Each structure stands twice: as structure tokens, then as C-alpha cells.
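Only one structure is covered here, and it is reproduced in the block below.
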Amino acid sequence: MRSSTSTGYSLAALALSSLVVAASNGTNDYPPTYPLSTDPGFASEFVVALQNSLTGGADIGPVLGAVKNIKPGDMDSYHEEFYRLANATKAQAEDPQNSYDPVNVRDTWFSASQYYRRADVYIHRNWSDPLIQTVWNEQTAAFDKAIAALPIPGQRLQIPSPEGNFTVEAIWYSASRNPHAKLPTMIVGNGFDAAQEDSYHYYCAAALARGWNCITYEGPGQNTVRRTQGLGFIPEWELVATPVVDYVLLAKKQVVDENRLVLVGNSMGGYFAARAAAFEPRLSAAVLIGGVWDTYEGYISPLPKELLAVYEAGNYTQFDEQILALRDAESEAFSTEAKWGLDYGLWAFKTHSPSEFYSQTKRYRIEDVVHQIDMPVFVGDAEFEGIYIGQAKKVSDALGERATYHLFKGVAGYHCQSGAQQEMQRTIFAWLNRVLKA
Ligand SMILES: *[C@@H]1O[C@H](CO)[C@@H](O)[C@H](O)[C@H]1NC(C)=O
Ligand SMILES: *[C@@H]1O[C@H](CO)[C@@H](O)[C@H](O)[C@H]1NC(C)=O
Ligand SMILES: *[C@@H]1O[C@H](CO)[C@@H](O)[C@H](O)[C@H]1NC(C)=O
Ligand SMILES: *[C@@H]1O[C@H](CO)[C@@H](O)[C@H](O)[C@H]1NC(C)=O
Ligand SMILES: *[C@@H]1O[C@H](CO)[C@@H](O)[C@H](O)[C@H]1NC(C)=O
């Protein structure tokens, strides 16, 4: 298996996916699961595609069929295969015979939507590529058909952020038809690349099954807001999360138990949620999957020393030229995950300059606000965390008694517990059950 550390410039840190990327922590048991590709980036992404099957968002055979045809290192083939599968699944969803059964409708559209999201992963090098929009429109339309067929239909929302001058995109899921049921409620934010539609599969389906309401949301830099409002990431995440809390406590007052209101952050969302929690005393608890102390530190650490020196010397023109030349080289100078991380990072932070991207990430750190967080915090860590290595422990130490540190190990030890969603979900809900008083 070609390891991502076998090449001269293996910028694993550029692979910032919420879901991909792992690092051996030096044990002989790495990797702890069977890899589905010789390309480590693809191998991780394939697990992402498969794990949605737990909640109706994939079927295993069709995903393995796509996996079979995807050539290691070939981003175009990855895109093509998932696009083809998404189209085929959409055609099944549109079959009139499907429409009489809401479960058929839901599962088929959830799957089509997920496959469209996978078809989007590797197409962000060229911002003018119209597929960035068309594939996303397909994923959104498919997802809307799926949530309309839930037992209680999901509700897409636009929540203004008056101080931020943008609109938060959200989706609300009710756990009960009872208009006065005061239920515990989870607010879920994704991170660098995942979509709020992914958050349904990772958190909301599990929440609804346990009688919790759930709302997902996206701010600047994240999929919908980046596309429709043209905004890159901002570090002041309270401008995004506080309007969502306002909305939940006002518009959903009758159905939300304000003493059991929990903010969840996935991947880089571990930074966003901690930052927002520092400004949001109305939350009852926060869950970080996992803890993020300083994104810059995570992203810069595996840069080759020579390249890092150019950046640190402030020679940004040279740095940008060198790193982009490596990214576009025919050789395998960059691993697939490194290429993806750079492409996606530039797009999501909305800059064509890699040095500008790295400089921006310096503002995404919680040291200055961590003391303001006044609630119980679940701080997840992963044995094979590949990005924010060692950072969850720092977050937990800074929080002291407020933190519950949990290290996910072995087959659950990948970043964001990729492939071990059940273990992640039951660990979170067991903790919430302990710390929240009904
Ligand atoms: C790797 O993780 C295991 C399990 O958490 C831990 O016991 C071990 O010390 C770690 N090894 C290194 C080199 O960090
Ligand atoms: C998927 O469908 C779109 C719209 O019909 C089409 O343009 C595209 O070529 C299809 N993709 C594949 C891989 O079949
Ligand atoms: C980027 O995509 C646009 C639109 O398809 C195309 O016109 C342009 O040539 C592409 N640029 C590069 C560098 O491939
Ligand atoms: C929002 O817009 C107002 C008026 O244009 C401006 O004063 C303010 O700085 C903007 N806020 C942010 C966070 O951009
Ligand atoms: C930046 O790098 C370029 C290309 O190597 C070099 O010519 C230039 O002198 C460097 N500038 C500084 C300020 O180090």
C-alpha cells in the first residue's frame, strides 16, 4: 500500500477533511481497518460513502461497485463514478413505483444526495468549473425530497445573522408532532468540508431516534453559504451559532427544552463549536468531535521544512509558486489527500493564495476564549488523529473540570470516528444522559 508518507512532499496536513486522514501513532496495528484503496485518501473517502448506509444514505453494493472502477490517484475517475452512481440512483428515485412508499422515497433520495456529495469532493481546483454548482444543486434537491418524506418532514431555514451580514443556512428536524413536547435539542455544525446534509446522517438521525430534536447549520466557508453568498470562512463563529440559538429558543420555544440544548461540532467544527460556546451561555453542553486547539498548528506541521521556511521568511510569492507547482505536478509529489486539502482549502477560505490561506488559519484558535466556556464539554480525541494531533488533550486540559476527555481507540480511532459512527453516537448520548438533568 502506498503510504502517504512515502513521498518527498507528503503534506498530510493539507488533507483537512472532516472525515479523511489518519496518522499512525507509532503502533504496529496501523491501519486498524482494511483499506479499500491503495490511495489512502480514497480509502478514507470510501468509508465515508459507506457509513451513510447506517441511516439510509447509501447502499453497500453500489458503493463498492463505484470503488471497483475508481483508479487510485485519479480524481476525475472518482468524480465520474460517483456522479454516474448518483444519476442512476436519482433515476431509481424518480421511478413512479417508488413514490407510493415514503421509506422508498426517503432512502433512495438520501442515497442519491449522498452520492452527489461524493461526486463534489475532488472538483474544487478550478473555481469556474460549473460542476461545483450543478452537482451541488442535485445533492440539495435530492436531500429536500428525502427530508420531505421523513415521518416529520425536515424544514429548511434561512436565519439572518444581523451582526455578521450574512444568512445562516439551517435544517430543522422535529422529534415529535406534539406541539408542546419540550424535548432535548442538538445543534450540529460541520467543519471544513462536510455539509449539513452529512450532519443529518452523522448526528441527527441518531438524535431523532432517541427522541431529540435536531438542527444543522452552515455559515461562511461552508458548502451552501460559500456557494450562494460567496463567503469564505470567518473565525468569529459566534456570529453564526448565536443566531441559531436565538432561533431555536424563540421560534421553537414550545418544543425545545432550554435546559437540554447541546451544541455539537464535527472536525474543524470542533473549533467552531468551542468558539461559539465561549459566547453562548444559553447552551447546556458542548460536544467536540474532536477537540481543536489551533488550526494553523494542525495544517502547517507536516509541510516540508524547506517550504515552511519560505513561508515563515515571508516570501509568500515564492511559497505560493512552489506549493502550487507541486500540487499540479504530473508526479506524485503530492498525495491525493494533499491535493484535495489545498484545492478545497483555497476554495473554502476563498483565496487563490496558499500563503494567504495558511495565514488566515492562524486566527482559528481557542486559547484566548477557552476560559469563557461555562458548561460541560465532551472533548473527543482519536488514537489515529491525523490533523489536530494532540490538540484535544490541550483543549481538555484548558477546560479542566468542565471537560470530559474521551479517546476513541483502534477501529474507532480515525478522525471523527470515520467508519465507527455507532460507537461515536452511543458514547455521546451516554455522556449527555449523564450530564444533562431532565
Ligand atoms: C498510540 O495510542 C495508544 C492507544 O491510545 C497509546 O497507548 C500509545 O501510547 C500511543 N503511541 C504513541 C507512540 O503515541
Ligand atoms: C449525470 O447527469 C447529468 C445531468 O443529466 C449529466 O450531465 C452528467 O453527464 C451525468 N454524469 C454521468 C457521469 O453520467
Ligand atoms: C476552468 O473551468 C472553466 C469553465 O469550465 C474553463 O473555461 C477553464 O478553462 C478552466 N481553467 C483551467 C485552468 O482548466
Ligand atoms: C456589516 O455591515 C455593516 C454596515 O455595512 C458594517 O458596519 C459592519 O462592519 C459589517 N459587519 C461585519 C461583521 O462585516
Ligand atoms: C523570494 O524568493 C525569490 C525566488 O526564489 C527570490 O528571488 C527573492 O529574493 C526572495 N525574496 C526574499 C525577500 O527573500
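It should be emphasised that the depicted structure is a prediction, and the values quoted were computed from it without experimental measurement. Both counts, for ligands and for their atoms, begin at 1 and track the order of listing.
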message: Using every non-hydrogen atom in the two residues, find where Arg117 and Ala195 come nearest and quote the distance to one decimal.
response: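 Minimum heavy-atom separation between Arg117 and Ala195: CD-CB, 4.0 Å.
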query: Any protein heavy atom sitting closer than 4.0 Å to atom 9 (O) of ligand 3?
result: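 No; the ligand atom in question lacks any protein heavy-atom contact below 4.0 Å.
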Any non-hydrogen protein atom less than 4.0 Å away from atom 5 (O) of ligand 3: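 When distances to the protein are checked, atom 5 (O) of ligand 3 has a heavy atom within 4.0 Å.
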Aromatic ring pairing Tyr115/Phe82, orientation class (parallel under 30°, perpendicular over 60°, tilted between): tilted
- request: Examine distances only and state if a side-chain atom of His79 and a backbone atom of Ala119 form a donor-acceptor pair shorter than 3.5 Å.
  value: yes
Around [atom], find the nearest protein heavy atom and jot down its residue, atom name and distance.
| atom | value |
| --- | --- |
| atom 7 (O) of ligand 2 | Tyr83 OH, 4.2 Å |
| atom 2 (O) of ligand 2 | Asn87 ND2, 2.3 Å |
| atom 1 (C) of ligand 3 | Asn126 ND2, 1.4 Å |

query: Is the centre of the Tyr358 ring less than 6.0 Å from the centre of the Tyr316 ring?
result: no
- prompt: Is it the case that Tyr203 and Asn266 place a side-chain donor and acceptor less than 3.5 Å from each other?
  reply: yes
- prompt: In ligand 3, which numbered atoms sit nearer than 4.0 Å to a non-hydrogen atom of Ser128?
  reply: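 Every atom of ligand 3 under 4.0 Å from some heavy atom of Ser128: 2 (O), 3 (C), 4 (C).
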query: What atoms of ligand 3 come closer than 4.0 angstrom to any heavy atom of Pro130?
result: 5 (O)
statement: Note: ligand 2 atoms sitting under 4.0 Å from heavy atoms of Arg84 are 13 (C)
task: Taking only heavy atoms of Glu80 into account, list the atoms of ligand 2 that are under 4.0 Å away from them.
output: 13 (C)
query: Out of Tyr296, Tyr344, Tyr364, which residue meets the ring-ring contact (aromatic ring centres under 6.0 Å, His included) rule with Phe349?
result: Tyr364
message: Quick check on ring-ring contact (aromatic ring centres under 6.0 Å, His included): which of Tyr217, Trp172, Tyr173 does Tyr200 satisfy it with?
response: Tyr173
